[in-house]
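Each chain gets a letter, A, B and so on, in the order the sequences are listed, and its residues count up from 1. None of these values were measured; they are calculated from a predicted model.
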Number of protein chains: 4
Amino acid sequence: MKDIQSSVDSRGIAIQQVGVREIHLPFRIRTKEGDVQQVLAQICFTVSLPQEYKGTHMSRFMEILNQWGDRPIAEPEMEAILDEALVRLSAASANIEIRFKYFIKKVAPVSGKASLLDLDCCFYGSKGKDTRFVFEFRVDVPSTSLCPCSKSISRYGAHNQRGVMRARLRFRKGYECIYIEDLAELMERQASSPLYPLLKREDEKYVTEHAYDNPKFVEDILRDLVIAFRALPGLEWFSVSCENFESIHNHNAYASHEEQVV
Amino acid sequence: MKDIQSSVDSRGIAIQQVGVREIHLPFRIRTKEGDVQQVLAQICFTVSLPQEYKGTHMSRFMEILNQWGDRPIAEPEMEAILDEALVRLSAASANIEIRFKYFIKKVAPVSGKASLLDLDCCFYGSKGKDTRFVFEFRVDVPSTSLCPCSKSISRYGAHNQRGVMRARLRFRKGYECIYIEDLAELMERQASSPLYPLLKREDEKYVTEHAYDNPKFVEDILRDLVIAFRALPGLEWFSVSCENFESIHNHNAYASHEEQVV
Amino acid sequence: MKDIQSSVDSRGIAIQQVGVREIHLPFRIRTKEGDVQQVLAQICFTVSLPQEYKGTHMSRFMEILNQWGDRPIAEPEMEAILDEALVRLSAASANIEIRFKYFIKKVAPVSGKASLLDLDCCFYGSKGKDTRFVFEFRVDVPSTSLCPCSKSISRYGAHNQRGVMRARLRFRKGYECIYIEDLAELMERQASSPLYPLLKREDEKYVTEHAYDNPKFVEDILRDLVIAFRALPGLEWFSVSCENFESIHNHNAYASHEEQVV
Amino acid sequence: MKDIQSSVDSRGIAIQQVGVREIHLPFRIRTKEGDVQQVLAQICFTVSLPQEYKGTHMSRFMEILNQWGDRPIAEPEMEAILDEALVRLSAASANIEIRFKYFIKKVAPVSGKASLLDLDCCFYGSKGKDTRFVFEFRVDVPSTSLCPCSKSISRYGAHNQRGVMRARLRFRKGYECIYIEDLAELMERQASSPLYPLLKREDEKYVTEHAYDNPKFVEDILRDLVIAFRALPGLEWFSVSCENFESIHNHNAYASHEEQVV
């Protein structure tokens, strides 16, 4: 049977990325406790294609991914997946992005009741035959923000709203990526208040007053995130944004920043 | 050229709805001022298919729709579109759903500054050869809600958030559907506060204090919407829901209700 | 601490549904093999509220849900969750909708290579103090459709595309709901061809020719689904639709049907 | 009334981007014929914030945008909007992204019937006090792709599907951006076939055979787009991707490439 993909291409164009997208698979992520958490992964997986070949072999991406459903994934496994792609697809570089919801335990501040909060996370990795492995961890942490202007000018009350802080982190070689649990906690501390799936009345009182005592613009949250990230051991680069779903508007307030950590 | 669609089908199954979906077209909607507002419409358009035919003629839906881009659409035109479908597609019944963003003018409560607020709207119509024309108007109105429990139990502050009130209305024959502008205003009065795209500081103070003075659960907003709708002249049936994007949770509070008005 | 929710409401309006929405939690679903599959659930959970109470107790929904993460869920457990809601929230009726991606194993038709296909599923349940438990199972099955008209009128080729068949099924009391695996297989047989995440070249040849040998309009797929569902033992009611993401248009072809099975 | 935003911030962090997001407004876009097309715009609008200020003035973004609803927008107006932001918000740099659906006329290849096809477009602009104005035009063009492998190995038929080609273009100073209409036509020529909202039977035959005569992998479409873009007068940089919604899989095939044009 003819292998059209392997036929010669004469256009002289090497393709930077070609592969598969919007794949859903069950995957397993290592947790801080050394356990694993099964997640629903959404995957984009590509390789480069030399100019002399007409096409890549799409089914091999699926064959590689199908082998990884049972093994816990973290930074080293991301590199192993890319290594496999480099070999099996005879590629000069490979990229993978695995998005998933990860659950962390939240303990209500007064009642102590526990519940599970969902965070949108992403493991991104790239590697080339001649370029080192890059691993990037991305997480979206939802939180509350309370407006300092509204609090200051109003006789009582202050508008507040749900928002989301989004971070992308790359660590230096030799440094381990921070655990999702620890990163979420670090980020939540920069907002007016963390969110909790389960709050009893005594908790609601606490959260309401805590947010009111802790008013923050989208700019404040962003700046405090920048300060917190600069202090993370081994961090090489980060990008961070904060988006507040304003309760008094039908649009969002937004701030973003990225930097190479010196 | 063979017309497969018109060939005979022997399975004996009349299909209730068949047609086209996720069509985007520019449409024009009549405004309260007698003017028109051009909108981006997303359309689902179907007819019934008798058991004896293998298929409907999909291109005719597009031909009908292409003729309506220039003419202002309101309840009577919805019936005219359905009449055309009944004839051109030899159908016993027809349905159309036209979703669009409609802009209303909001005036900031203190500064008087004007801005445009987007509302998600939908015109739905159905008609059969032997059944009367049904017209349903749907609108989503965003607003602010401030939690009465949080206000009551906290020493200061109260959590509040953006929410959306969704209504579906059907009027009796002979009664005209309410204007979008009037319906939005009626619904906004049932929330803790309306939303505004543009607020200066003096407005923000007003909105903050107004919401604090007007705390409402999702249940309160829903009940007040029910009371308001029962008083609408000529209303025959309605369905209404309220969803609050809780600022202290990562999930939403929700209430819904529908009733035949006596 | 004051319990505002339990205070008396004098508006005289009983609310049909109030609760929580867009909750994400890990849940476990029973598989055909008697095993369990862990899924990412998205939940909407509501109860009715008598006219005399101002509000429901939102945190109790979360407390109930938090207890069900470890236990495999199927029809009987859906009823148990609703029973718990009726008691703990002193409600006259309760509803729950649990949406999740469920993976089934697909075996490539020639090479025999196995891979996992994701299906969007939903368990819906409702129960009242005085009304019996209703359980509805919903599934979206992706598939290929190849156009009979295009095949018939063209000298070669035929346009084909991905589509989705959506079913909602309710069984009579005493009959068990069909397994997801069996329902998906039954539905796939009504399309021009099933989809497979992993296909080698010999499989691609088979699937291409099989779809070409099996041309079907959206109407054909719908009718064959209706016939297949009518033959399901114990089925009381179903709703079914088919939507094809036409490869020659930027919109979709669509057909739907529902019926009470006699 | 206190202006908290203007108060001094001592954290020493200049913010790269702060502003408003997910704003919806009616805007007007210049067409090739010298006319205007009214569109529904979705806007993200930000400025940089010096380290000494606590916050930006969010309402001014809305005031600027509200003035642009009536004036046709193209590259020069994008710069004017940014200039206004630089002055009114005393900022060192500003960014704006305006996304909208734009309709182009498609003429069916045999019947000559006209219909409107929706394209997702975006105007992006950035400018700094000390950096030149950058304008980027982005467009998503839907099309059909037919698989060369499937055609080659199968006795008859070939799987085909809807796909989307996404382009981002930046032109050199002094060169005008290509018209949306011309760019769409250029891109459609690189796919197996263009899409049409309205096709009669004779057109469907033509499109089916044309796609079968013109099989292309996602890699082929991408390479031909790269060749076409390299020949565009004045193009400085482009990024392009192609994503096919495979009719035989539940995931997509994807290829992407970007380059600085020499």
Open item on the list: Checking C:Leu40 against A:Phe103 for the side chain to side chain contact (heavy atoms under 4.5 Å, CB included) test, could you report, in this order, the C-alpha distance in whole Å, the side-chain angles of both residues, the deciding distance, and whether it holds?
Closed with: CA-CA 10 Å; C:Leu40 172 60; A:Phe103 290 92; 3.6 Å; yes

Task: Among A:Val20, A:Val39, A:Leu198, residue most engaged with chain C (heavy-atom pairs, under 4.5 Å) - done: A:Leu198

Task: Atom pair CG (C:Leu116) and CD1 (A:Ile23), whose distance is rounded to the nearest 0.5 Å - done: 12.0 Å

Open item on the list: Report which part of A:Leu25 has an atom under 4.5 Å of a heavy atom belonging to chain C: side chain, backbone, both, or neither.
Closed with: both

Open item on the list: Can you list everything that forms a side-chain contact (heavy atoms from CB on, under 4.5 Å) with C:Ala85? Sequence neighbours excluded, please.
Closed with: C:Phe45, C:Val47, C:Ile64, C:Leu89, C:Ala94

Open item on the list: Going by the rule ring-ring contact (aromatic ring centres under 6.0 Å, His included), which residues pair with A:Phe100 if we only count those two or more places apart in sequence or in a different chain?
Closed with: A:Phe123

When you scan chain C against chain A, which donor-acceptor pairs turn up at less than 3.5 Å?
| residue | atom | partner | partner atom | Å |
| --- | --- | --- | --- | --- |
| C:Lys2 | O | A:Arg201 | NE | 3.4 |
| C:Asp3 | OD1 | A:Arg201 | NH1 | 3.1 |
| C:His24 | ND1 | A:Asp118 | OD2 | 3.4 |
| C:Gln38 | O | A:Gln38 | NE2 | 3.3 |
| C:Gln38 | NE2 | A:Gln38 | O | 3.3 |
| C:Ser59 | OG | A:Lys200 | NZ | 3.0 |
| C:Glu63 | OE2 | A:Lys113 | NZ | 2.9 |
| C:Glu63 | OE2 | A:Lys200 | NZ | 3.4 |
| C:Lys113 | NZ | A:Glu63 | OE2 | 2.9 |
| C:Asp118 | OD2 | A:His24 | ND1 | 3.4 |
| C:Lys200 | NZ | A:Ser59 | OG | 3.1 |
| C:Lys200 | NZ | A:Glu63 | OE2 | 3.4 |
| C:Arg201 | NE | A:Lys2 | O | 3.4 |
| C:Arg201 | NH1 | A:Asp3 | OD1 | 3.1 |

